[in-house]
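Computed from a predicted model, the values in this text were never measured in an experiment.
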Amino acid sequence: MAEISKSYEARDVEKKWYAAWQAAQAFAGKVAPDKEPYSIVMPPPNVTGVLTMGHVLNNSLQDILIRRARLEGRSALWLPGTDHAGIATQTVVERELRKQKKTRRDLGREKFLEQVWAWRHEKGGIILEQLRRLGASCDWDRAQFTMDPHYSRAVLNVFVDLYGKGHIYRGKRMVNWCPASQTALSDEEVIMKPVNGAMYRVRYELVDAPGHYIEVKTTRPETIPGDVAIAVHPADPRYASLLGKKVRRPLGPAAEIPIIADNAVDREFGTGALKITPAHDKADFEVGLRHKLPTIDVLRADGVLNEFAGPELAGLDRFAGRKLAAELLKASGALVAEEPYANNVGYSERADVPIEPRLTWQWWLRYPRVEEARTAVRDGHIKFHPERWSKVYLHWLENIQDWCISRQLWWGHRIPVWYRKGLDKENLTPADLGDPAKVHVSLDGPADSENWVQEDDVLDTWASSWLWPFATMGWPDPAAATSAGLDYFYPTTTLVTGPDIIFFWVARMIMAGLEFMRPGESLERRIPFKHVYFTGIIRDGQGRKMSKSLGNSPDPLDLIEKYGADGLRFGIVSIAPQGQDLRFQEDRIESGKNFCNKLWNACRFRQMSGEAGDNSSLAAIVNRLEAKKFDADDHAILDRLFATTREVDRCFQEFEFSAAVQAMYGFFWNDFCDWYVEVSKSKLQSPETKGNCLTIQDLVLRQTLLLLHPVIPFITEELWQQLGYATAGNFIEETRLENASQLATTSMAGGLVLDRAAVAAVEKLKEFISKARALKADHNLASRRDVRFFVTTSDAHWAVLAANLVSLSRMAGAVEISRRDAVDGAPAVVTLLGTLYLDLASTVDAGAEKVRLARELEQISKHIAGTEARLANQAFVSKAPPAVLEGARKQLADQQAKRAELERLLKSLG
RNA sequence: GGACGCUUAGCUCAGUUGGUUAGAGCACCUGCUUCACACGCAGGGGGUCGGCGGUUCGAGUCCGCCAGCGUCCA
């Protein structure tokens, strides 16, 4: 065994073990009928993506779950992959083209797609490569891409299937149109933003009564050329006399438009009169339908005003057009007023520009299995962590709208629909759409393809990723599904994702799973996952969401360089409480690195302290213990180890990762390193105690490495091997992690019965040492190692101290701790094990001592008053449970004893 | 407008079913290169738990109202 170096150097260790794991195919998800499966499908990052802190958190947690599952003896599969991310990827490649002064139309569909594929082959694997650096133990051989041929096949299959079932239809409707990407978007891809704009008050002159006007308020004067009516509420007395009359459109091509009555008009808003522009507003469109009004579209697809807007406005971008429209209205006297106005405007999530409501032909999906999807979560077949997100999910399902699944892009799954050549696609009737001779829907297209034209549109990216939990495992091809182990691994165990895609992805996956998997079988068999863990969102120091555009996200690879992958993982997980957003602070990552170094050095200390015994299994270690020789510290550290194991078990069950990490940190650093290792230093001097002490260290370190391994896999693997826990060159994950009860069982079988009272005794010893050190520090002797202490105490307490004198002296920095019947004039402190005196009688400053003791006396008196008051309260005495009451009485007695001792000390100082 | 979350030490956050004197990490102050670790050790200062009211013998914890911040939905 090579000697462990003085400090932990992450880089080489990480490289070495990742390569070793890969070479041994340690991450392969295998069908093992004798084992319980544990599976996770990775939320596929965009192929355009680079690793962000969000990915680090998300994937660290997945890796932790997967590695823990392996340690628990389950057959684990973590299936990675990437998403083709339609708009995002197309935009990236178009941007590259623009540098060469080209557009995708210059290339044509086929050539453009070749470019996208070339880009994807060159750059699309970056993020998966970065995940390897983080230590992600995915089954890389199974990596999936949503545009892989077999995956595409699954996507198109689903389209054809749902079309056949009547869930998919083509309709001309108002959609959310992104003028930048020039495609329709789903409602979920539109985000509302408050925008400071202007409200324009515009008057329309009555045709019959020149000089008389009706006024409306609008934020979009550039759409006035598209106005086809003015609407008022039918019961609004202000306008009753004007109904049926006509007004002149004040902008754009001259026209006379009617004043109509419609119940949808809000009388309170603005002037109570509304301009109706069916082409550019969803509500207006509905009004237009009801009143059979024409639709005048004044915008081109790219958001530029067209000829219907009139010669002045045509050719202007919509925002420039708005400005000019206002000026033209002002010049003509039609603009009555203009005031600042804050309203909510829908923005395209991807392109970050205001969307336009636009009437277009699109493909729509009426969601399947909506009711079952609700049941699955409401009744707990799928458990959300934290649970509160289920409310958000259920609320969305209750108000679910049909999904616009077509996109006017080239990069994506081209919709498997063919139109008969010569068909007027702009004026399709329901009869046309239902006629297989005119509209053909199938996986492979019509046999006489020369007579048909395929649909130009592709599917929304999410209409492929909603199949991720099963299309990644061979579905719907039976042979592929068998070899991927779909039947074994589905439903997956846990999904780890962000709450921001609960609608986009989580809800849709649930519906897809219910619809397509194992038809006819029970709900539990068809759901895509049993648990969904929602991570928080990582924010920067100022609470802003981390994003590429703000540039406020540190590069995780830099952090790995600086703190090691283990340090990064430990740090990020420790600050990620369940489901709460978290603020990123680099010092927490640093503390993760420090913890690794601490672990490293504790193991180094063990290695330097003596030869290793048989560490091949827990039982082997337990067999080396001589329980009869145990002292309180030995009992206490093992008791704490068991308690920590229990706590970590619980945390994993409850998905409380940061609590698990904190429990391990506290145990290892405070209980083990700060106390047990320190007392070991004297135990190791004596042959009588050395063997047990080292064996206990072996046991603690073994269990600690196993518990920590899911979080910090690299360093724990290295130490596992170095300390001789590995047998026959196996990796740490080939060992079974004993849970708390197994740990207890094995220990008992080895004759080890823990004395629980020892923990309390050690707590008292810790307090004793702490007070002794403080006493020294108070007298500027902190670094002296040659002081003498005296103790006045009972026989019972002295027995506890006497049994530990060697280690106590060492830790207190004393040459002697001895018992006296009485000590006068020395600085003293009252501990749980008696009064402790510093042998300084000759030099002590009695005045200062008295001040110090008086302050302490004042404090304890305050506490006594509080406790007495509680016990004097008749209501408390009669109603509080006996245990609480007894606790209070004991507390009072202790406090009074301490007060008496302090008073005595004060008196002795004169 | 509706729903959810948050408000605890200078900062970031823990605080299980209400029960002794509210914790951690970082930061800060003091001392220490003590034979695992200065990526460390020891000691210390620092909080009327956002506000008001209620339930209770007892409230950081439960209830109501209010304020501020954030997220989602309309």
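- In this structure A/Asn597 satisfies the side chain to side chain contact (heavy atoms under 4.5 Å, CB included) test together with A/Ser7, A/Tyr8, A/Asn601, sequence neighbours excluded.
- RNA chain B forms stems at B:1-7 with B:67-73, B:10-13 with B:23-26, B:28-32 with B:40-44, B:50-54 with B:62-66, each a run of 3 or more consecutive Watson-Crick or G-U wobble pairs whose two key distances fall under 3.5 Å.
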Sub-3.5 Å pairs of nitrogen or oxygen atoms, protein against nucleotides 22-31 of chain B:
residue, atom, partner, partner atom, Å
B/C26, O2', A/Asp587, OD2, 2.8

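- Under the salt bridge (Lys or Arg N to Asp or Glu O under 4.0 Å) criterion, A/Asp894 pairs with A/Lys890, sequence neighbours left out.
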Self-check item: B/S/- contact track for nucleotides 69-74 of chain B, protein heavy atom under 4.0 Å
Solution: -SS-SB
Could you list the donor-acceptor pairs under 3.5 angstrom formed by side chains in residues 651-665 of chain A, with sequence neighbours left out?
residue, atom, partner, partner atom, Å
A/Glu656, OE1, A/Arg650, NH2, 3.2
A/Gln662, NE2, A/Ser574, O, 3.2

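- For A/Trp675, there are no ring pair (Phe, Tyr, Trp, His ring centres under 6.0 Å) partners two or more places apart in sequence or in a different chain.
- Legend: residues meeting salt bridge (Lys or Arg N to Asp or Glu O under 4.0 Å) with A/Lys879, ordered by chain and number and at least two apart, are absent.
- Shown here are the side chain to side chain contact (heavy atoms under 4.5 Å, CB included) partners of A/Arg784, two or more places apart in sequence or in another chain: A/Leu781, A/Asp786, A/Val787.
- Residues from residues 690-703 of chain A that place a heavy atom under 4.0 Å from any atom of RNA chain B: there are none.
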Identify all pairs in which a protein N or O lies below 3.5 Å from an N or O of nucleotides 19-21 of chain B, and state each distance.
residue, atom, partner, partner atom, Å
B/U20, O2', A/Gln891, NE2, 3.1
B/U20, O2, A/Gln891, OE1, 3.1

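- In terms of the ring pair (Phe, Tyr, Trp, His ring centres under 6.0 Å) criterion, residue partners of A/Phe714 (sequence neighbours excluded) are, by chain and number, A/Trp21.
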